[in-house]
> 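Sharing a structure, written as structure tokens. Questions coming.
Chain letters run A, B, ... following the sequence lines, proteins first, then strands; residues in each count from 1.
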There are 2 protein chains.
Amino acid sequence: MPPKPHTAPAEDPCACGLKAVARRLGIRERAKALRPGQILEAARDEFCQHGFAATRLEDIAKRAGISKALIYVYYPTKTDLFLAVARHVTDPIKGADFVLDPERSAEDQLRHEHERFYANLLQDEHTLGILRLIISESHRVPEIGQFYALELVGGEIESLRDLIRHGMARGEFAPDALERLTGIEDIVIAPGIMIMLTQIIGGGVQYDLSKWSKAHLDMVLGLLKAG
Amino acid sequence: MPPKPHTAPAEDPCACGLKAVARRLGIRERAKALRPGQILEAARDEFCQHGFAATRLEDIAKRAGISKALIYVYYPTKTDLFLAVARHVTDPIKGADFVLDPERSAEDQLRHEHERFYANLLQDEHTLGILRLIISESHRVPEIGQFYALELVGGEIESLRDLIRHGMARGEFAPDALERLTGIEDIVIAPGIMIMLTQIIGGGVQYDLSKWSKAHLDMVLGLLKAG
DNA sequence: ATCGTTTCATTGACCAATCAGTCAACGAAC
DNA sequence: GTTCGTTGACTGATTGGTCAATGAAACGAT
């Protein structure tokens, strides 16, 4: 009797990293447990490089070292796969939260976060590709745009506001820093966004990142300290 | 004898606006003279909305009110059409140069240009779509990225630098404004770039543009005037 | 351990739809 | 009658999505 096709599981979009769970399983289950992560990583790279429409499922499969048909066992359509990638990709960024240390000075923590941002920009090759993905496909998949506005930028703004309040309380920043300029929190992260955009677009002009980073930090501190 | 197909002209990417030339021509020539502009506009809208890969030539033709086959008389391939659109789209932006008036105060001209930028953001529905096009397709068509970096941003920077020098000479801005912060010219336009990006991505969060504009201007003037 | 049986993750081969690009023929303008 | 701008209908290639067949691993019995 020919085996009937199984109904695709398709849920459990991110079972990666749970290697401990697969430890005591047989070879087949172990391989299966790793598939979603494999597929998601390959799909992320392809989507980042080519965008949604120009990415071929066949290429994703090849990159993941499996067949195209196997993808459909885990993700019913290309769009579903794309959504799963969007979540997979943005989850770790969301996780990198900043937590305010009430003991340390505000300027110190600001400098530290600032450096972390620019260092990450240099070393993590995925960040820029992901941002391009967000920009290119956000109007096709509104969920992506929402994530960008609320989680990514919104979270950063929230942390920054806390930091500014902390600095004001400690007398490091001007006592009216927050009220003086409405929207200062957004304005202050703009150079970070812009340099990422510039890197994405390229255009042959190379910016000196360390110079840019310094100018950015000087601007922020200047605004916050100015009486 | 069946008429042999003409070799596609395909050059002359922008014959639009030359209605005077077509004035004394016959009906057929007049219609023909308008075709490239028609096609370019329709293609621009479709490409902006869907990106390169997801745009159908058939849809461009429908929007332009002609048949798909006619497009191929003017542009030999989809890629060629896309390149023509890229040039067509960026030409008028390049043209909107700022010229420094040595008589008027620097702050006055800065405020004026600042307002013009944000007003244009509100009224011109094309600007954002074009920026998305630039971001999405720049790594497919390097020419687009080069245009962004050199012409768009580069031109703006150049004007800004002149303006700052003017203000320094008149004693409006701090005498060391330009040297104090290396890269200040780039940093200063970042909020403008960021708000455009935010509008593109959407995400349901509505920014108050006038509030943003004010915060941006305050930041710039604060930096320039600060001793 | 070893053999036969069952399970099921995996895939090659296959549709059906889409779409860039082609071309012979049409018909309005000249 | 001739020109030529225009197009409907076509093709070939690509690709999202399907499915019956496979074969190795898991398993039970000996």
Side-chain angles (χ1 to χ4, degrees), chain A residues 1-10 12 15 22 24-39 42-43 46-47 50-85 140, chain B residues 1-10 12 15 22 24-39 42-43 46-47 50-85 140:
Chain A
M1 185 197 315
K4 67 170 187 296
H6 11 241
T7 54
D12 185 41
R24 283 285 165 174
L25 299 174
I27 295 176
R28 300 184 76 188
E29 273 94 351
R30 205 178 316 172
K32 185 183 180 183
L34 295 179
R35 289 282 173 261
Q38 264 176 268
I39 296 172
E46 291 291 324
F47 279 135
H50 306 294
F52 179 82
T55 291
R56 289 184 289 264
L57 271 285
E58 194 72 51
D59 288 345
I60 295 177
K62 191 185 296 177
R63 185 184 282 254
I66 59 175
S67 76
K68 183 178 68 166
L70 190 53
I71 295 179
Y72 284 90
V73 173
Y74 297 91
Y75 305 97
T77 70
K78 188 184 183 184
T79 302
D80 284 295
L81 175 58
F82 181 74
L83 277 172
V85 166
R140 167 194 302 282
Chain B
M1 186 197 313
K4 68 169 186 296
H6 11 240
T7 54
D12 186 41
R24 282 285 166 175
L25 299 174
I27 294 178
R28 302 182 75 187
E29 274 95 350
R30 204 179 315 172
K32 185 183 180 183
L34 295 179
R35 290 282 173 260
Q38 264 176 269
I39 296 172
E46 291 292 323
F47 279 135
H50 306 294
F52 178 82
T55 291
R56 291 184 287 264
L57 271 284
E58 194 73 51
D59 288 345
I60 294 177
K62 191 186 294 177
R63 186 183 281 255
I66 59 175
S67 74
K68 185 178 67 166
L70 190 52
I71 295 179
Y72 284 89
V73 174
Y74 296 91
Y75 304 98
T77 70
K78 189 184 183 184
T79 302
D80 284 296
L81 174 58
F82 181 74
L83 277 172
V85 166
R140 167 193 303 280

> Parallel, tilted or perpendicular, judged at 30° and 60°: which one describes the rings of B:Phe47 and B:Phe82?
perpendicular
> Examine D:dT6: is either OP1 or OP2 under 4.0 Å from a nitrogen or oxygen in the side chain of B:Arg35? Give yes or no.
yes
> With the side chain of A:Val73 defined as its heavy atoms from C-beta on, choose the nearest nucleotide among D:dT7, C:dT10, D:dG5.
C:dT10
> Within this structure, what is the CG-to-C1' distance between B:Asp59 and C:dA20, rounded to whole angstrom?
13 Å
> Could you tell me which residues satisfy side-chain contact (heavy atoms from CB on, under 4.5 Å) with A:Ala31, sequence neighbours excluded, listed by chain and number?
A:Arg35
> If you look at every heavy atom in A:Ile39 and A:Leu81, which pair is closest and at what distance?
CG2-CD1, 3.9 Å
> Between C:dC19 atom C1' and B:Lys62 atom NZ, what is the distance in whole Å?
13 Å
> Any side-chain N or O of B:Tyr75 below 4.0 angstrom from OP1/OP2 of C:dA20?
no
> Can you tell me how far C1' of D:dC27 sits from CD of A:Glu29, to the nearest Å?
12 Å
> Just the rounded figure in Å: distance from C1' of C:dT10 to CD1 of A:Ile39.
11 Å
> Nearest whole Å is fine: how far is D:dT7 C1' from B:Ile66 CD1?
11 Å
> Tell me: OH of A:Tyr74 to C1' of C:dC8, nearest whole Å?
11 Å
> A:Leu57 versus A:Tyr72: any side-chain heavy-atom pair under 4.5 Å?
yes
> Could you tell me which non-hydrogen atom of B:Ile71 sits nearest to which non-hydrogen atom of B:Ile66, and how far apart they are?
CG1-CD1, 4.2 Å
> Could you give the CG-to-C1' distance, from A:Leu70 to D:dC19, as a whole number of Å?
14 Å
> Which residue is it: B:Glu46, B:Glu58, B:Gln38? I am looking for the one with a side-chain hydrogen bond (donor to acceptor under 3.5 Å, both in side chains) to B:Arg63.
B:Glu46
> Between the protein and nucleotides 12-16 of chain D, list every N/O to N/O distance that falls short of 3.5 Å.
residue, atom, partner, partner atom, Å
D:dT15, OP1, A:Arg56, NH1, 2.7
D:dG16, OP1, A:Thr55, O, 3.2
D:dG16, OP1, A:Lys78, NZ, 3.4
D:dG16, OP2, A:Leu57, N, 3.0
D:dG16, N7, A:Lys68, NZ, 3.2

> How long is the line joining CD of B:Glu46 and P of C:dC19, in whole Å?
12 Å
> Can a donor-acceptor pair be found, under 3.5 Å and without considering hydrogens, that links the side chain of A:Lys68 to the backbone of A:Lys62?
no
